[in-house]
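Below you'll find the structure, written out as structure tokens, and then a few comments.
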Amino acid sequence: MFQRSRAGSNRRVKGWMAVGMSAMSLALVGTLSLTTVSANAAARSPKASSGATLTIASQITSSNLNPALSPTAVPENWFTDLDYEPFIIHNTTGGYSPGLAVSWGYVGTSNEQFVFNLRPNVQFSDGTTLTAAGAVTDLNYYLSQGEDTNAFGSTATVTAIGPLTVQITLQAPNAYMPYELSQNGLGKVISPMALATPAATTALGSSSDGAGPYELDSSATIANSSYVYVPNPHYYDPSLQYWGKVVIEIITSPAAELAALQTGQIQVMQGETQLVSTAKSDGLTVLTAPGTNGPIYLGENVPKKGPLSSLKVRQALEYGINRPLITKALFGTYATQDEE
């Protein structure tokens, strides 16, 4: 990320030849100090002024505002960070903090049973109260959708064992349950009211119904152009609602984004390594967050004929690729080499 100082302040995939890179996520930030590219964290910045508007620029639009169906990569997840609070918050230090769950842990020593206790008196933006039964409905919905259907294992069961207590029983050990229940996994909790009927669930694609600090203002939102979020009147901690409005503007050109930041039209944007020197010269400080940006494939399927069908030729290419040079050329100092 980049901060304007003048204001006073991985999934592994297999291939027969690949160059993997772990790149840092960059963002340009003006007039406030941030340490993450999360839109939710931006909205919670203690440097913010209550009642003011925070405008974030995204180069791409949201493919689906339903958090169970939308990508979890930056900047796609910005569109659901604001209005959906996760069970467990995966924070910038790599640890975990309470979200809608206040405590959690494994039962026994086999990592096959996980229990978490929900925060009491939480309401979704539609006024529905969060319960263990609602959490079960939410998780079962996630487990029936998209590529995360096997996050807990193919035969995991989710059960309410108390008014605010949920138990997940696994058929095989899983040491990553806090991550799976965070904003990076299946953690962004949807109101059971929005999952009650097929029509209500379909509506999630262009609306919101979460327990996060903000909710989508559908009347002010223009699809593929401007997404407007306003404070959720039911949010459990109003002190974290620093902004009167958060807007995500779609600006497809990085140069146009930077120009908008320089002129004060936006306050946050996702950066690119090619913009670092320009950003620094304009008084922006670079802030980064770990991310994955690879691998880069030179080929995936081994041909049956021709030079590349030879194992020795492929091995020679492996040795002949200058991975550090490619990494530096693409990302400068904002990436590290990760060989397959």
With clusters defined by side-chain heavy atoms of hydrophobic residues (ILVMFWY) lying less than 4.5 Å apart, directly or transitively, does Leu54 cluster with Tyr235?
yes

Say you draw a straight line from OG of Ser225 to CD of Glu249; how long is it, rounded to the nearest 0.5 Å?
6.0 Å

Within the distance-only criterion (no hydrogens, no angle test), does the side chain of Asn111 pair as donor or acceptor with the backbone N or O of Leu170 below 3.5 angstrom?
no

Heavy-atom side-chain contact between Ser63 and Pro71 under 4.5 Å:
yes

Classify the angle between the aromatic ring planes of Phe87 and Phe116 as parallel (below 30°), tilted (30 to 60°) or perpendicular (above 60°).
tilted

Kindly state whether the ring of Tyr179 and the ring of His90 have centres lying under 6.0 angstrom apart.
yes

State, with a plain yes or no, whether a side-chain heavy atom of Ile190 is found less than 4.5 Å away from one of Leu195.
yes

Hey, does Trp78 have a side-chain heavy atom less than 4.5 Å from the side chain of Gln270?
yes

State yes or no: do Tyr142 and Val115 share one hydrophobic cluster built from I, L, V, M, F, W and Y residues joined by side-chain heavy-atom distances below 4.5 Å, directly or via other members?
no

Any donor-acceptor pair under 3.5 Å from Ser281 side chain to Thr278 backbone
yes

Show, in sequence, the C-alpha distance, side-chain angles and deciding distance for Ile56 and Ile266, and conclude whether the side chain to side chain contact (heavy atoms under 4.5 Å, CB included) test is met.
CA-CA 6 Å; Ile56 304 171; Ile266 63 172; over 6 Å; no

Can a donor-acceptor pair be found, under 3.5 Å and without considering hydrogens, that links the side chain of Thr202 to the backbone of Pro198?
yes

Does Ser70 reach the side chain of Phe79, with side-chain heavy atoms less than 4.5 Å apart?
no

Please report the closest heavy-atom contact between Leu204 and Asn64, naming both atoms and the distance.
O-OD1, 4.3 Å

Here the pair of heavy atoms bringing Ser206 nearest to Ser218 is O-OG, 4.0 Å

Using modelled atom types and a 3.5 Å cut-off, is there a donor and acceptor pairing between side-chain atoms of Tyr84 and backbone atoms of Asp209?
yes

Value rounded to 0.5 Å, distance of OH in Tyr227 from CG in Asp83:
12.5 Å

Side-chain (Arg314) to main-chain (Leu308) donor-acceptor, under 3.5 angstrom
yes

Closest heavy-atom pair, Asn232 versus Gly212, reported as atoms and distance to 0.1 Å, is ND2-O, 3.0 Å

Would you name the heavy atoms of Ile89 and Pro86 that are closest together and state the gap between them?
CG1-CG, 3.8 Å

Please tell me if the side chains of Ile248 and Ser58 come closer than 4.5 Å, counting only heavy atoms from C-beta onward.
yes

Report yes if some heavy atom in the side chain of Pro163 is under 4.5 Å from a heavy atom in the side chain of Thr131; otherwise report no.
no

Distance check, rounded to the nearest 0.5 Å: Gln123 atom CD versus His234 atom NE2?
5.5 Å

To the nearest 0.5 angstrom, please state how far the CG atom of Leu100 sits from the CD atom of Glu85.
5.0 Å

Is it possible for you to say whether Leu130 and Leu164 belong to one hydrophobic cluster, with membership spreading through side-chain heavy-atom contacts below 4.5 Å?
yes

Distance-minimising heavy-atom pair for Thr80 and Leu65
CG2-O, 3.4 Å

Answer whether the closest heavy-atom distance between the side chains of Pro213 and Tyr229 falls below 4.5 Å.
no

Indicate whether any N or O donor in one side chain lies under 3.5 Å from an N or O acceptor in the other, for Gln171 and Glu112.
no

Quick check for you: to the nearest 0.5 Å, what is the distance between Asp217 atom CG and Glu215 atom CD?
8.0 Å

Which distance, rounded to the nearest 0.5 Å, do you find between the CZ of Phe152 and the CG of Leu186?
5.0 Å

For residues Val166 and Val158, determine if any side-chain heavy atom of one lies less than 4.5 Å from a side-chain heavy atom of the other.
yes

If you compare all heavy atoms of Gly94 against all heavy atoms of Tyr96, which two are closest, and at what distance to 0.1 Å?
O-CE1, 4.3 Å

Is Lys188 paired with Asp81 through a side-chain N to carboxylate O contact shorter than 4.0 Å?
yes

If we check side chain to side chain contact (heavy atoms under 4.5 Å, CB included) with Val247, which of these qualifies: Val230, Thr221, Thr53?
Thr53

Are Leu216 and Met193 in one and the same hydrophobic cluster, where Ile, Leu, Val, Met, Phe, Trp and Tyr link if side-chain heavy atoms are under 4.5 Å apart?
no

Same cluster (ILVMFWY, side-chain, under 4.5 Å), Met177 and Ile88:
yes

Distance only, no hydrogens: is a donor on one side chain within 3.5 Å (strictly under) of an acceptor on the other, for Gln167 and Thr159?
no

Is the count of non-hydrogen atoms from other residues, nucleotides or ligands lying under 6.0 Å from Asn322 atom CG greater than 12?
yes

In sequence, state the C-alpha distance, the side-chain angles, and the governing distance for Leu181 and Phe114, and then conclude on side chain to side chain contact (heavy atoms under 4.5 Å, CB included).
CA-CA 11 Å; Leu181 294 171; Phe114 190 85; 3.5 Å; yes

Do side-chain atoms of Thr263 reach the backbone of Ala259 as a donor and acceptor pair under 3.5 angstrom?
yes

Can you see whether Thr201 engages Tyr141 through a side-chain donor-acceptor pair at a distance of less than 3.5 angstrom?
no

Without hydrogens or angle criteria, can the side chains of Ser97 and Asn91 be said to hold a donor-acceptor pair below 3.5 Å?
yes

